[in-house]
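Accompanying notes for the structure given below.
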Amino acid sequence: MIRKFSAAAVLCIVLAWRPLGAQTGGAASVSHSAVPARTGIYDVGLDVKVEALLGKMTLEEKVGQLVQYSAGQPTGPGTGRTDYNDMIAKGQIGALFNISTAKETNAYQRLAVEKSRLHIPIVFGLDVIHGFRTEFPIPLGLASTWDPPLVEKAARVAASEASATGIRWTFSPMVDIARDARWGRMAEGAGEDPFLGSAMASAYVHGYQGSRLDAADSVAACAKHFVGYGAAEGGRDYNSTEISEHTLRQVYLPPFHAAVNAGSATIMSAFNSINGVPASANPFTLTQVLRKEWGFRGVVDSDWTSILETIAHGTANDGATAARKSFLAGVDMDMVSSLYHDHLAALVRSGQVPQANIDEAARRVLRLKFALGLFERPYADEAHEAEAMLRPESISLARTAAERSLVLLKNEPAPDTPILPLAGGVQDIALIGPLADDPPSMLGSWAGLGRAEDVVSFHAALAKHVGEQHLFQVKGVGITGGTDEDLAAAVESARKAAVVILALGEHAGEMTGEATSRAHLGLPGRQQELLEKVVATGKPVVLILFSGRPLTLPWAFDHVPAVLAAWFPGIQAGPALVRTLYGESNPSGKLVVSWPRSVGQEPLYYNALSTGRPADKADLSKPPSTGADKYVSRYIDEQNSPQFPFGYGLSYTTFRYGGTELNTKQLKASTLQAEPDGVSQSRTVLTASAEVTNTGSRAGEEVVQIYVRLQGTSVAQPVRSLKGFQRVSLAPGETRKVTFALAPDAFALWNDGNQFAVEPVKVTVWIGPDSAHGAAAALEILP
Ligand code: BGC
């Protein structure tokens, strides 16, 4: 079985949901003549209803639709307001979030529908990021599956559970490109690559919104954080960013564009400033790119108090100015700041904000509510809420997702055959480490309504598999802290066992996700000590890493025979890990971020530019001794290459790749019209193929990847860029010819005039198992 994602395959998804009525103009002109009709916020039938209602509204009521508060557990600094009931009855609130039961949403909804003058329902939101009650792996893990259809199904489960409580809006997907593992929010996204990030963005949006946004079990998606948030300097959360227009367009914008093309009903503006202008008050990104070039008709929501924060950024000196600048830049809804509530009506009356802009923003919010069917069905069905949760098929999908998210980093003979999968016969296992029995951490950060009691922990699943009498479990040390006695107990239990499994890593809630940037990326606390002492026993050791980012563990990669990156796998963590360790499931996950050797390499990403002095011929394994080794772009004390490259991941079987074959050696630039919104993705202009053989003795799935490099361009291009991938299932000994159909987009770049175009260039194409391997084939694009 093959699941394909190449420029041409992603297109099929894209076309189904491309926005209607996009305007043309700006640097990237777009044409939407062939767009099929569809439901959602772009449904033209909604406009009549919206206009009829808008015509009845006062200025204050319109502003009310643009106001959003957190009525539940805060996830950021508050504004001190609690008078939501009163405000709702007065029509002063358009949206609420952080409420989590049908009873609560219905209670607020009754106030809006029964007490407010125009009976406009509230739209309830929540951070449903990787599951609602059925928690899937964290998004970084979900992306490591390289399986967008699976991600779409996971998002659909999340939508059906969340909507049962009346939550019809999720603040997901996070589609920020993350190139720096210090940034804790790397855990929430799909990693460092714009192509993979775009495929994942579409998958989430389709899953959440389904085929009809007004279906009772659909929720509106919110692609966030627009834009460049992941480029935070030094990997420090909320920090400023400097991003050239070229890099913005080529790296950071594409996943948002894919989300918009997929029909995402909303977008969230980010906390960061971009080249000095806050993303939540940025006319270039919010109006020029999003509205004018992409034709986005949905709601732009601010991030939590990000409008207020423009004062701290230094681009506004008071609340009224902050509200005016953000609103005029294109932010429709104010999350939590309360500044739209406090100032917008007065700003209109004093002539500083045009009434027409208020009408347009209110129109967008009303269109969202009509598109969701909230006017017809404002209430959740309390009697059936529980039935939507944790359905057996949802749990089974969570296990499949968890299994596919696991990335096998190392599996070496210990002493003569690879240590994994573990032998099926009876043998005593020592299970050591703070994450072996830590259900809350398995849920990951932003765990929606996930409950620890729903998690099958690694310990529980392993005990069931091997029997309690064969399992010696000790914590060893905590994620932080731990005593010498704890270490001694761990060593003792390791000595008694045939095999040691170490479960080490980060604390999901405190060390990954928002506001968890780290300057040191090793194992926290005394875990490294624990690792070294256990390895010193001489027992075969399997290290399972639970983390929201790659961790720099050079010692472990030198000394531990088997290492599995598990991220935070969700409620089915235990069964997925046990099935994988014992070979019932064969690992097939691949890294979506480059795994650093040391923090000093960050930001580290495979799709970097070459320099004028590339170090590819120098010996980087030792300090430079000759001029040729020295005056190149390198560190004197570290290699340039990652520990493991983007796209990397082992299997229990092995795959051999044949050469990369192209159906032609020459193309003509003049025949390769490329459009940034995916329209040109329908046209295959090159097919590239390679034979892939399963050379091992068990069946396995391989994610086959295709990369290109363009040379001779007006703006330097990355040394490699992903342009497609396919998940291929191969029986032992089976050979399959894997073919990619590439569209003009695969050869296009944002050129020196900030146009998306194909230039006459030299192209290198690789088909391989990751971003550092594969046989090269040459192609020329003539003028
Ligand atoms: C985060 C967003 C989130 C919002 C609402 C913010 O702090 O940056 O990602 O959606 O809070 O909870």
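Owing to the predicted nature of the structure, the values given are computational and were not obtained by experimental measurement. Read the numbers this way: they start at 1 and go in the same order the structure lists the ligands and their atoms. Any value given below was found using the heavy atoms of this structure, including those in side chains, with hydrogens, waters and symmetry copies removed.
Every atom of ligand 1 is numbered from 1 in the order shown, and the set under 4.0 Å from a heavy atom of Phe97 is 5 (C), 12 (O). Interface atoms of ligand 1 facing Trp446, defined by a heavy-atom separation under 4.0 Å, are 12 (O). For ligand 1, the atoms lying closer than 4.0 Å to a non-hydrogen atom of Lys224 are 2 (C), 3 (C), 9 (O), 10 (O). The atoms of ligand 1 that sit less than 4.0 Å from any heavy atom of Phe171 are 10 (O). Interface of Trp304 with ligand 1, defined as ligand atoms under 4.0 Å from a residue heavy atom, comprises 6 (C), 7 (O), 11 (O).
For the pair His225 and ligand 1, the shortest N or O to N or O distance falls below 3.5 Å. Geometrically, ligand 1 and Glu514 share a nitrogen or oxygen pair separated by less than 3.5 Å. In terms of polar-atom proximity, defined here as any N/O pair under 3.5 Å, Arg185 does make such a contact with ligand 1. At least one N or O atom of Asp127, backbone or side chain, sits closer than 3.5 Å to an N or O atom of ligand 1. Considering backbone and side-chain atoms together, Tyr229 places no N or O closer than 3.5 Å to any N or O of ligand 1.
Using modelled atom types and a 3.5 Å distance limit, the side chains of Glu309 and Ser280 yield no donor-acceptor pair. Side-chain contact of Glu104 with Thr101: a donor-acceptor pair under 3.5 Å is present, judged by distance alone.
With a 4.5 Å cut-off on side-chain heavy atoms, Leu126 and Phe132 count as touching. In this structure the side chain of Met174 never reaches within 4.5 angstrom of the side chain of Met268, judged on heavy atoms.
Selection from Asp303, Ile129, Thr305, Val336 by nearest heavy atom to atom 6 (C) of ligand 1 gives Asp303.
The salt bridge (charged side-chain N to carboxylate O under 4.0 Å, His left out) test with Lys224 is passed by exactly one of Asp176, Asp301, Asp127: Asp127. Each of Ser218, Ser172, Ser264 was evaluated against Tyr208; a single residue qualifies, Ser172, per the side chain to side chain donor-acceptor pair (under 3.5 Å) test.
Using a non-hydrogen distance threshold of 4.0 Å, Met268 registers as a contact of ligand 1.
By the side chain to side chain donor-acceptor pair (under 3.5 Å) test, Trp595 is found to be paired with no residue, residues two or more places apart in sequence or in another chain being considered.
For the atom pair CZ (Arg297) and CD1 (Ile41), the distance works out to 8.0 Å, reported to the nearest 0.5 Å.
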